[in-house]
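This report refers to the structure that appears directly beneath it.
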Amino acid sequence: MPDSENIVYYNGALRPEREVGISIRDRGFIYGDAVFDATRTFNGQTFKLREHVARLYNSLRYLRIDPGIDPAELERRSLEVVNHNYPLLPPNQDLWVMQRISRGVESSEPDGEMCPTVLIETHAIPFARRAALYRDGIKVATPSVPRIPPRFLSPRAKTHNYLNLIMGELEVQDTDPDAWAVLLDEAGNLTEGRGSNIFLVKDGVIATPQGRFVLEGITRSVALDLAAGLNLPVAEKDLDLFDAYTADEAFLTSTSLCICPIAAVNGATVGDGQVPGPVTRQLMAAFSDLAGMDYVSQYLAHLPGEG
Ligand code: PMP
């Protein structure tokens with residue numbers, strides 16, 4: 001295996017990334033009939049990999065896909081890929097670690113069996129593209145496209161079907177290319193963005209939509225745990241645009257963003273405009289302590305003229 005190029009795990013073996021292609025008849029490509037999960041590294045160390053893999057296996061069970069590999073092996077293989085690829089990165093970078101499993105390749109035989117496609121790959125987190133978010137805050141906008149109701153397709157599974165979230169994102173970016181979409185449900189409650197959960201802070205209480213209506217982000221759970229550890233009250237409840245427009249602070253959570261402040265919702269400045277607000281700042285510091293590195297400085301170092 002060449003040491004100088006990225007590898008992936010593909011259907012049972014480690015291979016150079018450039019040698020691996022997915023079949024044109026793969027159900028993940030044809031129908032979005034696949035699941036995935038994404039972990040990140042901090043200084044090359046994976047964070048909450050076991051939790052991400054556990055969520056992946058719940059997504060697999062929801063789609064009734066038997067991956068033919070157990071969670072411990074998938075975790076072990078993920079670490080092999082990371083340990084090979086991380087040293088190939090330039091300094092002050094970290095990796096996204098993706099596991100993707102599709103139902104497999106459609107067979108032309110009438111009773112041909114499908115074998116799941118199992119891929120583990122890594123790529124660099126786009127620090128430079130996102131660095132300004134930690135200086136200025138994220139602009140969130142809610143599109144007219146509602147989040148698909150959970151009884152149609154559960155948001156709790158992380159599947160390859162992201163079109164609903166992408167349609168919302170396209171709509172808000174037509175108006176503001178820098179805006180991040182957070183979709184409302186049909187009743188007008190906040191749900192989530194294409195890759196993030198939303199939190200509002202009001203009168204010291206940290207609130208986020210209930211786990212039944214969103215992908216329960218691993219970072220969302222970390223943020224709730226950190227808040228509890230800091231004796232800050234938390235609530236999982238319905239939140240609408242009134243709550244967003246009257247919040248003191250707001251932030252998004254995701255594996256790559258960790259905790260990132262929101263500056264405005266639909267053009268309305270959040271709270272007094274301080275980014276991040278005091279509660280968000282406390283949580284961000286606690287997150288860095290837990291991750292074992294100052295993730296905000298890592299992002300800010302990628303601003304033009306820094307680092
Ligand atoms: N919601 C959706 C739809 C997502 O894709 C993600 C990213 N995995 C999240 C929320 C945030 O989850 P996590 O904190 O595990 O990255």
Side-chain angles (χ1 to χ4, degrees), residues 28 32 34-42 46-60 62-63 75 78 94-101 121-123 125-126 130 133 138 140 142-143 145-150 152-170 172 180-185 189-200 206 208-227 234 236 239 250-262 280 283-284 286-288 290-291 295 299:
V35 302
F36 75 110
D37 220 289
T39 307
R40 71 159 280 181
T41 63
F42 291 99
T46 57
F47 182 72
K48 304 276 174 195
L49 177 59
R50 185 146 306 163
E51 287 80 352
H52 283 280
V53 169
R55 184 172 68 185
L56 180 77
Y57 278 77
N58 280 334
S59 301
L60 285 164
Y62 178 67
L63 289 201
E75 199 179 313
S78 298
D94 266 294
L95 289 173
W96 254 319
V97 190
M98 309 279 186
Q99 300 92 4
R100 299 186 180 276
I101 303 178
E121 60 97 3
T122 70
H123 55 276
I125 295 172
R130 292 177 169 187
L133 303 176
I138 295 178
V140 160
T142 56
V145 179
R147 187 81 178 103
I148 292 174
F152 292 6
L153 192 62
S154 178
R156 300 169 74 182
K158 196 164 166 62
T159 74
H160 269 206
N161 195 322
Y162 265 53
L163 273 183
N164 174 229
L165 295 159
I166 290 171
M167 292 308 290
E169 189 174 66
L170 290 173
V172 305
W180 286 47
V182 171
L183 278 63
L184 301 172
D185 66 15
N189 293 309
L190 295 165
T191 63
E192 61 192 329
R194 178 163 66 86
S196 57
N197 293 113
I198 185 163
F199 284 73
L200 304 178
I206 300 166
T208 192
Q210 295 171 65
R212 287 171 51 222
F213 302 129
V214 292
L215 183 79
E216 287 175 283
I218 306 298
T219 325
R220 173 184 179 278
S221 309
V222 170
L224 290 170
D225 289 349
L226 290 174
V234 295
E236 294 177 59
L239 297 165
F251 57 88
L252 293 183
T253 63
S254 87
T255 290
S256 51
L257 290 174
C258 308
I259 297 173
C260 188
I262 296 173
T280 309
L283 286 171
M284 291 168 80
F287 193 105
S288 282
L290 182 69
Y295 75 90
Y299 268 105

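Every number for a ligand or one of its atoms is a count from 1 in the order of the listing.
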Side-chain heavy atoms of L239 within contact of I198, under 4.5 Å: no
Non-neighbouring partners of R50 that pass salt bridge (charged side-chain N to carboxylate O under 4.0 Å, His left out), sequence neighbours left out: E75
Listed partners of Y57 passing ring pair (Phe, Tyr, Trp, His ring centres under 6.0 Å), at least two apart: none
All ring pair (Phe, Tyr, Trp, His ring centres under 6.0 Å) counterparts of Y295, not counting sequence neighbours: F287
Donor on one side chain, acceptor on other, D94 and T41, under 3.5 Å: yes
Shell of residues surrounding ligand 1, defined by a 4.0 angstrom heavy-atom cut-off that is strict: H52, R55, K158, Y162, L165, E192, G193, R194, G195, S196, N197, L215, G217, I218, T219, S254, T255
R194 atom CZ, neighbour heavy-atom count above 12 within 6.0 Å: no
